[in-house]
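Taking it in order: structure first as structure tokens, then the write-up.
What you see is a predicted model, and the numbers here were worked out from it, not measured in a lab. Each chain gets a letter, A, B and so on, in the order the sequences are listed, and its residues count up from 1.
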There are 2 protein chains.
Amino acid sequence: MNIKRAYHQYCGLASALDVLGERWTLLIVRELLLGPRRYSDLLADLPGLGTNLLADRLKFLVDKGVIRQCLSRPAYELTEAGALLRPVVLDLTRWGFGFTPDKSTVDAVRPRWGFLAAETRLRAEWAGDVDEDYEFHVDDEVFRFEVRAGQVQAAAGRAPGQATVVATADAVTLVRLGSGQMTAADALAAGELTISGPTDAVQRCRRLLDLA
Amino acid sequence: MNIKRAYHQYCGLASALDVLGERWTLLIVRELLLGPRRYSDLLADLPGLGTNLLADRLKFLVDKGVIRQCLSRPAYELTEAGALLRPVVLDLTRWGFGFTPDKSTVDAVRPRWGFLAAETRLRAEWAGDVDEDYEFHVDDEVFRFEVRAGQVQAAAGRAPGQATVVATADAVTLVRLGSGQMTAADALAAGELTISGPTDAVQRCRRLLDLA
DNA sequence: CTGCATCCGCCTCGATACTG
DNA sequence: CAGTATCGAGGCGGATGCAG
């Protein structure tokens with residue numbers, strides 16, 4: 001059980017795949033990108049993943065230093081090394097949109113996958129020198145972008161204070177937007193995406209997320 | 001055989017992994033990053049990969065539009081969609097260097113993996129407004145960076161014309177450099193890396209590849 | 001020899017049942 | 001709730017066969 005299959009290649013990519021290459025592993029990382037999650041949450045959001053396999057993967061990732069158990073709560077979170085995977089996951093997600101078919105009934109959808117699709121459109125260089133939060137209400141869950149000093153942070157949950165802008169959409173719409181199957185203009189016109197708040201802040205939010 | 005295991009998630013990352021997530025797939029893409037390669041080359045450079053599995057993977061990637069058979073030669077090459085994976089592969093490689101152990105005798109090494117490690121250090125924003133080629137002689141193979149109008153292209157083989165700079169190193173040294181196990185200064189001092197050419201061009205080459 | 005296809009043993013995966 | 005134990009099915013790895 002401890003003898004894992006490895007590529008045994010002296011190469012960074014092979015090393016990365018020795019850690020992340022097995023089935024479900026990168027999807028578990030994706031689930032943790034927006035903050036800590038519990039075992040049962042992961043299991044519920046990854047249909048088809050067996051409970052034994054989830055336990056194996058979590059143990060392995062903890063051992064590799066990609067994730068860790070939270071100190072305060074019974075949950076898992078990314079370590080600093082794991083958080084470095086965010087650009088990789090976003091790049092891969094963008095690339096994968098070229099292969100995402102139209103929503104079929106057999107496909108599962110989750111609010112955070114929609115929010116992740118929104119994040120793939122994030123152009124951090126447009127983060128103005130403002131201090132504001134943009135909330136995304138996706139189906140029944142809430143996420144946010146925190147803009148601070150030209151940096152943008154994505155996380156689950158409501159904004160700490162009052163959000164400057166509140167966007168509302170369902171997950172399918174956000175994935176359609178991210179994959180280019182639908183334009184922001186169309187989604188807004190159809191009422192499938194709403195962005196409310198002060199006009200100038202809404203403009204900044206739309207520019208930041210390429211929702212022109 | 002045609003019923004492949006898929007995640008059935010409406011998410012770009014899951015779509016990407018449905019294409020790239022199986023064993024060996026991304027390593028095959030890596031092998032094609034520097035130009036077309038033949039079936040037997042791939043087999044030789046991917047020890048442990050069975051011949052049937054390589055045939056399956058190639059067929060699958062052709063079907064997905066990530067690679068294609070060359071028209072002129074009996075070889076496979078990346079399509080435009082496949083070439084878009086370059087930043088993903090480079091990012092993953094960089095990340096994986098954090099998990100690359102010191103060279104052990106059981107690990108395979110290939111010249112192009114060394115060159116890839118060099119490319120992970122490429123900072124295209126430092127590509128000056130020059131027209132020159134930097135050749136890398138890695139073990140018994142030759143690769144090059146072509147700098148043209150602020151863009152950099154990496155490929156296998158000698159430079160079309162006369163290379164402005166010629167760097168020489170073995171693959172292990174380049175992976176050590178890429179993974180931060182060794183500094184360029186140390187490699188140069190030890191003679192494990194040599195960079196020859198006009199002084200100013202050598203400087204540009206070193207700056208471009210963070211070999212200060 | 002190159003470019004695969006076939007066969008076989010093993011290990012991983014996925015589902016279910018069970019436990020602290 | 002958070003895992004562990006078990007087991008059938010299928011993907012994987014290695015050896016071999018075979019056509020061009």
Side-chain angles (χ1 to χ4, degrees), chain A residues 1-9 14 17-32 35-64 66-77 106-108, chain B residues 1-9 14 17-29 31-32 35-64 67-77 106-108:
Chain A
M1 135 71 172
N2 212 358
I3 33 157
K4 294 205 60 87
R5 202 181 324 203
Y7 288 114
H8 296 297
Q9 296 184 356
L17 293 176
D18 281 339
V19 176
L20 304 172
E22 286 168 309
R23 202 166 157 73
W24 295 109
T25 306
L26 217 39
L27 296 182
I28 293 172
V29 170
R30 175 196 64 186
E31 293 302 307
L32 296 176
R37 311 208 66 202
R38 332 170 37 134
Y39 187 91
S40 49
D41 293 335
L42 296 172
L43 212 51
D45 275 356
L46 295 169
L49 170 58
T51 120
N52 56 343
L53 207 53
L54 176 57
D56 280 356
R57 294 290 183 267
L58 290 173
K59 216 178 303 178
F60 180 69
L61 288 173
V62 167
D63 183 57
K64 292 296 180 184
V66 178
I67 68 173
R68 64 179 158 235
Q69 305 218 40
C70 295
L71 295 173
S72 49
R73 304 183 272 164
Y76 293 89
E77 65 185 356
V106 300
D107 288 347
Chain B
M1 136 71 172
N2 212 357
I3 34 157
K4 294 205 60 87
R5 203 186 305 205
Y7 288 114
H8 296 298
Q9 296 183 357
L17 292 176
D18 281 339
V19 176
L20 305 172
E22 285 167 309
R23 199 163 161 74
W24 296 107
T25 305
L26 218 39
L27 296 183
I28 293 171
V29 170
E31 293 302 309
L32 297 176
R37 310 208 67 202
R38 337 172 30 138
Y39 186 92
S40 49
D41 293 335
L42 296 172
L43 211 52
D45 275 355
L46 296 170
L49 170 58
T51 122
N52 56 343
L53 207 53
L54 175 58
D56 279 357
R57 293 290 183 268
L58 290 173
K59 214 178 305 178
F60 181 69
L61 287 174
V62 167
D63 184 56
K64 292 295 180 184
I67 68 174
R68 64 176 159 238
Q69 306 218 40
C70 295
L71 295 173
S72 49
R73 301 184 274 164
Y76 293 89
E77 65 185 357
V106 301
D107 288 347

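Taking side-chain N and O atoms only, B/Tyr76 has no distance below 4.0 Å to OP1 or OP2 of C/dG3. One finds a side-chain N or O of A/Trp24 lying less than 4.0 angstrom from the OP1 or OP2 phosphate oxygen of C/dG14. Of the side-chain N and O atoms in A/Arg5, none sit less than 4.0 angstrom from OP1 or OP2 of C/dC10. Listed pair A/Lys59 / D/dA2 fails the phosphate criterion, with no side-chain N or O lying under 4.0 Å from OP1 or OP2. Under 4.0 angstrom from either OP1 or OP2 of D/dC1 there lies no side-chain N or O belonging to A/Ser40.
Between the side chain of A/Arg57 and the backbone N or O of A/Asn52 there is no donor-acceptor pair closer than 3.5 Å. Remark: the backbone N or O of A/Ala108 is not paired with any side-chain donor or acceptor of B/Tyr7 at under 3.5 angstrom.
The interatomic distance linking A/Arg57 (CZ) with D/dG3 (C1') rounds to 16 Å, in whole Å. Rounded to whole Å, the distance from CG on B/Leu46 to C1' on D/dG13 is 14 Å. Atom CG in B/Leu54 sits roughly 18 Å away from atom P in D/dG11 (whole-Å rounding). As a whole-Å value, the separation of B/Tyr7 OH from D/dG11 P is 13 Å. Rounded to a whole Å, the CG atom of A/Leu53 is 14 Å from the C1' atom of D/dG10.
Closest to the B/Tyr39 side chain, of the nucleotides D/dG3, C/dC13, C/dC4, is C/dC4. The side chain of A/Arg38 has D/dA2 as its nearest neighbour among C/dC13, D/dA2, D/dG13.
Residues A/Asp45 and A/Arg37 are paired through a salt bridge, judged by an N-O separation under 4.0 Å between the basic side chain and the carboxylate.
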What protein N or O atoms touch nucleotides 5-9 of chain D N or O atoms at under 3.5 angstrom, if any, and at what distances?
{"unit_1": "D/dT6", "atom_1": "O4", "unit_2": "A/Asn52", "atom_2": "ND2", "d": "3.1"}

